[in-house]
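To start, the structure under review is shown below, and the notes come after it.
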Amino acid sequence: MKHKSRLYLLALLAMPTVALSGTLTIESWREDGDTWNNVILPAFNKAHPDIKVDYRHTTATDYNSALNDRLASGSAGDIITCRPFDDSLKLFEAGHLVDLTDIDGMENFPSFAQSAWQTDDGAVTFCLPLASVIHGFFYNKGIFAEVGVKEPTTVEEFFAALEAIKANGKYTALAMGTNDKWEAATMGFQNIGPNYWQGEDGRIGLIDGEGKLSNPEYVAVFEQLGQWGAYMGEGFQTRTYNDAIAMFADGQAAIYPAGSWDISAFSDKMDLGVFRPPVVNGGDDCFISDHTDIGIGINANSKNIDEALLLIEWMSSEEFAELFTNALPGFFSLSNHFINVDNSTAQTMIGWRETCDSTIRNSYQILNRGTPGLETEIWETSVGVINQTMTPQDAANRLQTGLEGWYKP
């Protein structure tokens, strides 16, 4: 499959330019259809007015299964929005994604960006890197001023701020719930964790077998999460992700454990502040989850591969990089192009790269391929410690035992 795909694309690239027409469908889990339809795709259509592009959204939690069903039935769209690492690697290995290694524009993306959508040996790139997302904490500047707290930089200062907000009595300190388990893992464990396991050193250590998830640094992550529930307000166990967004947007809560993808949900609702995950001790090296999150690929069974290739190549351009980054604040282009970031919160978060080392979520590459999958186990254990139904050490032991059950470094 991969050799046929590459030869096809090379032949296509060598052909004289011809006028193309057709309709492309983009498959995505992101609810960004209005932005794509009204801002991004009209820019593409200036150069290619005869290529119509439809944006098809599937709920994020259903995306993988729905996409697999459509690919199996032959009803999937032409353009596939790619999750990083193993999920998309499975699609390529099953013959569903075209080999994009040699397309025009791939040279605009550094190796670390391409690695999220490559075979393990790095020989084939099957999705064009689009954007990364960064973790941190949003806060309501007005509430902080009223309560008299400042942006915390250490874990001690973080809990002092939570205590002060709780004592004030008017606001919930942390807008998060445990009903949607991924939220506790993604905005909790993966947000604060890199400062404990030392970012990429810790992540690669797990893959190499030099580190263990039952080690003290992982227990310490769960120990911090175990204290969050006291500041999350009544009924947090049934609070959903959307409930937490509404709670923070409405000014009922002071702090929102965040991913940069949520910037647009709050930018026009308050004077929004953001602080990076606090370090344990003042002066410690800092690490941020700067996660390669979104790529874009071509359905190998598309009847419009030539049109799809034009769209993908345009997405490798400087024009697209700046348009995408500013139309969807909090999604940071992975290309080498120099771009201006307009949104102030996004500017702050991308600026953390200058002082902190970046890493990705530690469950996404290799370690989620067996049963039990590490990603789901982190969901369950993060919820368990926040809900006080599991001790930090038991949670860490469960992660390590599950991984050892199938993974051999």
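In this chain, residues are counted from 1 in sequence order. Computed from a predicted structure; not experimentally measured.
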Go through the side-chain N and O atoms of [X] and [Y] and say whether any donor and acceptor fall under 3.5 Å apart.
{"X": "Gln114", "Y": "Thr125", "result": "yes"}
{"X": "Thr240", "Y": "Asn242", "result": "no"}
{"X": "Glu27", "Y": "Thr81", "result": "no"}

Under 4.5 Å between any side-chain heavy atoms of [X] and [Y], yes or no?
{"X": "Tyr256", "Y": "Met247", "answer": "no"}
{"X": "Leu67", "Y": "His96", "answer": "no"}
{"X": "Leu213", "Y": "Glu377", "answer": "no"}

Is it true that atom [atom1] of [X] has more than 12 heavy atoms of other residues, nucleotides or ligands lying nearer than 6.0 Å?
{"X": "Gln347", "atom1": "CD", "result": "yes"}
{"X": "Glu146", "atom1": "CD", "result": "yes"}
{"X": "Glu107", "atom1": "CD", "result": "yes"}

Kindly state whether the ring of Trp197 and the ring of Phe189 have centres lying under 6.0 angstrom apart.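 Yes, the ring of Trp197 comes within the 6.0 Å limit of the ring of Phe189, centre to centre.
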Compute the ring centroids of Tyr196 and Phe287, then answer whether they are less than 6.0 Å apart.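 Ring-ring flag for Tyr196/Phe287: false, centres at least 6.0 Å apart.
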Write down the atom of Ile294, the atom of Phe331, and the distance for their closest heavy-atom approach.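 Residues Ile294 and Phe331, closest heavy atoms: CD1-CE2, 3.6 Å.
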Could you check whether Arg353 makes a cation-pi contact with Phe332, meaning its NZ or CZ is under 6.0 Å from the centre of the six-membered ring and within 45° of the ring axis?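 Yes.
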Donor-acceptor under 3.5 Å (Trp117 side chain, Arg83 main chain):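 Indeed, once roles are kept as given, a pair shorter than 3.5 Å links the two residues.
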